[in-house]
Amino acid sequence: METQSVLSDLNPAQKEAVTTVEGPLLVFAGAGSGKTRVITHRIAYLLYEIGIPPDNILAVTFTNKAAREMQTRLLRLAPPDREASDRSVFFATYHRFCAWLLRAYGQVVGVQKHFTIFDDADSVHLIRQILKSFNLDSGLYRPAAIAAMIDRAKNDLRSPADLQSQADGPVQKAAAKVFPEYDRRLREMNALDFSDLLVFAVKLLDTSPALLRQMQEKFAYILVDEYQDTNIAQYSLLRKLAAHGNLCVVGDDDQAIYSWRGADIRNILSFEKDFPNARVVKLEENYRSTQGILDIAYQVIRHNRDRADKRLQATRHSGQAPMVYTAADGYDEAAFVARQVRELSSEWAYSDMAVFYRMTAQSRLIEEEFLARAIPYVVVSGVGFYERREVKDLLAYLRVIANPADDAAFTRILNVPKRGIGESTAALLRESARSAGCSQLDILARFDSIDVSPAVKKRLHELHDLLTDLRNSSASLSVEEILRRIVSVTDFFAYLEKTDPAGFDERAANVQELYTVAQEFARRSGGSDQTASVTGFVEELSLLTDADRLDPDADRVSLMTLHAAKGLEFSAVFLIGLEEGSLPHASAFESQSELEEERRLCYVGITRAKDRLFLSHACSRRIYGESRDDIRASRFLEEAGLPEGEPARRVSSDPTGSIRSGGSDRIERMALDEETAAYGVSPGDRIRHPVFGAGVLLRISGRAENATAMVRFDRVGKKRLRLANARLSRLDE
DNA sequence: CCACTGCCGATTTTT
DNA sequence: TCGGCAGTGG
């Protein structure tokens, strides 16, 4: 009976993938072929048919979202009495798994228990400081570029010395020079960046054979999702853990789109070589898309040379043919998308539709058009909740509490809220810490011996007391209570009010939201050791992304980059900007392998569509403020055998004039700054202008008296106006 | 410590 | 075009 539920409804290939339990297994899971099903059913099979204890199973994913989804779906397969035990199957991202391992055993390789995880912004910030201390011009050597190189080296398990010897070109040389210093400072701060989590986990398992053996025994069965995106460090980790050979990897080389992050497609293509007895199963039955959509996808992807041969077969009826729209320009393209969305909305919910593009900036015209027509949408990703200033500030307090050596966090809160400690004092603390070989917080503890004015000394004293008090009280408080305490003792709300009066409501709401997140964390972890729970909370936040908190129930069209689209599906998909230079991106023109990755991006986009697919491109476009009308259609359209149409005429859009837009909501569109409050209007509003009449406010840019509004008027079309001068009034809806 | 200005640069960003 | 920065001046 149980076999029934675990194996029923699986096709033969899926069944083979689920029941081939011993030995290495590579599952090529084409788009829409039931990949997640296979993984979850396989785990269920291991648990309920083979009788493997749940804590012997490790399932590795790339995103928290994927981990969560698998966990939920596994629970649905559980016999009623087994639910509880299923929870001890270890679902984790690589990074979370490594963080777990290092918290428990990291001391062996010099990682302190309460280490902090640096996010990209922290890293870049640190690198900027180092460049400065080396007198390297941060204009010439862009910190983000250096950070990327170092990150890449780590993901390749290359040491600073390796980078040094391979460095070619001035920027790489600079990166090679910064690398060891960057690492040194991280160690000093008891901090690890994202890739360090992997690097040190590998190092730990290398250093301690006993621990490795223990882990191999514990995780006797390992499953890996999205194997095509594995980088060298991750691969190395897997090889060590899965020396027993019970490794099941699931992936699709055609959907490898993260090589620029160090992912190496060869990991999946040479799995059979690396694990000699590997069984290979190909899932080529597609349950998602119509045949017409799959045909186009195949026509595109077959142009890649570096791929395993396979072709998806539709299990669904043929459906409506995909279409290409050749737009006069970007506005026309946006209008086309909006019109179609409106039309399709009689058949599908907005949340069944999505617009994909190559670059984040490409969302803008679509957003404006959707705002103008009151089409509800959500931009997936964008400025994340966890990147918001107020959230990072409060997080920095927690970081200092959990890890007093975290100088980066300390620097962040040193003068936040403003307490009259300026750059010169900050530099002094930095320097003293440097020469004394201790943390800046340690220096603060000895403020008496610091050579500063009495006034500054007093402020340092107060800061020290404040932090000491917080740290002491943290032992007996929940994370939420600690947060509330930080907010109250620093008078945080007053600080928000003062520095950003217009954005106050927004920011205050974010602080509230953070309380809620802390509450939920406490409920989940049911913690005992408080320091551990602060550490745990900070870790959780560091490893979360904004996508983890999007509300899936809201009825909105999703706007996202092609990278963000992987793993999702929609009834109707719009893939816009299919132009040479955009998709494929210009930077890929010179390289065969990069072009192939662009092609895979295109493929990923196409295969997200269940029923309707719209591909569009424009003949003329504004690029970096310059109008260009020599834009050529993407080669991928030609490869797909899709003729471009006659350039469409500019269509003047009919303003719908109705209700407030859907775009703006707390999480995703928080960019409405001071101006919104100052002038009482925000994007999406129906407004009236004394001369031009009624229209829709599309966008606000610039600040203070330079702030300009982009308005689409019903009668006279689009105009830019200075907010300070234009007397815009909001029309009630 | 801030507000202003002028310059540069501009893919993608699972963690 | 536009946003993020470093450098400047009050």
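We name chains A, B, ... by the order of the sequence lines, and we start the count at 1 in each one.
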Point to revise | Between C1' of dT14(B) and CZ of F97(A), the distance in whole Å | key: 18 Å

**Study point:** Set of residues satisfying side-chain contact (heavy atoms from CB on, under 4.5 Å) with respect to P170(A), sequence neighbours excluded
**Key:** Y141(A)

**Study point:** Syn/anti state for dT12(B) [syn: chi within 90° of 0]
**Key:** anti

**Study point:** Atom-to-atom span, CH2 of W100(A) to C1' of dT15(B) - whole angstrom
**Key:** 18 Å

Exercise for review: Starting at atom CD1 of I232(A), determine the distance to atom P of dT15(B), rounded to an integer number of angstrom.
Suggested key: 21 Å

**Study point:** Nucleotide dG4(C), atom C1' - distance to NE2 of H125(A) in whole Å
**Key:** 14 Å

Review point. What does R96(A) touch in the nucleic acid at a heavy-atom separation under 4.0 angstrom: a base, only the sugar-phosphate, or nothing?
Key: nothing

Practice item. Round to a whole Å and report the spacing from CD1 of I421(A) to C1' of dC2(B). Key: 17 Å

Practice item. Would you confirm whether the ring centroid of Y94(A) sits within less than 6.0 angstrom of the ring centroid of F97(A)? Key: no

Point to revise | Which nucleotide in dT14(B), dC2(C), dT15(B) has an atom nearest any side-chain atom of D229(A) | key: dT14(B)

Practice item. State which residues pass salt bridge (Lys or Arg N to Asp or Glu O under 4.0 Å) with R621(A); sequence neighbours excluded, sorted by chain then number. Key: E333(A), E579(A)

Practice item. Using the P atom on both, measure dC5(C) against dT12(B) and round to a whole Å. Key: 16 Å

Review point. Reckon K418(A) has a side-chain N or O less than 4.0 Å from the OP1 or OP2 of dC2(B)?
Key: yes

Point to revise | Spacing between L568(A) atom CG and dT14(B) atom P, to the nearest angstrom | key: 12 Å

Review point. Contact class for L583(A) vs. all strands (heavy atom < 4.0 Å): base, sugar-phosphate, or nothing?
Key: nothing

Practice item. Can you sort out the partners of R142(A) under salt bridge (Lys or Arg N to Asp or Glu O under 4.0 Å), two or more places apart, ordered by chain and number? Key: none

Review point. Can you check whether N64(A) has a side-chain N or O nearer than 4.0 Å to OP1 or OP2 of dT15(B)?
Key: yes

Study note, to complete from the structure: By side chain to side chain donor-acceptor pair (under 3.5 Å), R599(A) pairs with (sequence neighbours left out) N304(A), E639(A)

Revision key, fill the gap. Sequence neighbours excluded, the answer for ring-ring contact (aromatic ring centres under 6.0 Å, His included) partners of Y227(A) is F271(A)

Practice item. For R158(A), check salt bridge (Lys or Arg N to Asp or Glu O under 4.0 Å) against everything at least two apart and list the hits. Key: D156(A)

Practice item. Before accepting this row, confirm whether a basic side-chain N of the pair D183(A)/K154(A) lies closer than 4.0 Å to the acidic partner's carboxylate O. Key: yes

Distances under 3.5 Å between nitrogen or oxygen atoms of protein and nucleotides 8-10 of chain C:
none

Revision key, fill the gap. From the candidates dA6(C), dC2(C), dT14(B), the one with an atom nearest any side-chain atom of T63(A) is dT14(B)

Study note, to complete from the structure: Residue set satisfying salt bridge (Lys or Arg N to Asp or Glu O under 4.0 Å) with R628(A), at least two apart, ordered chain then number -> D630(A)

Review point. Can you give one letter per nucleotide of nucleotides 8-13 of chain B, going 5' to 3': B for a protein heavy atom under 4.0 Å from the base, S for sugar-phosphate only, - for none?
Key: --BBBB

Review point. What does R128(A) touch in the nucleic acid at a heavy-atom separation under 4.0 angstrom: a base, only the sugar-phosphate, or nothing?
Key: sugar-phosphate

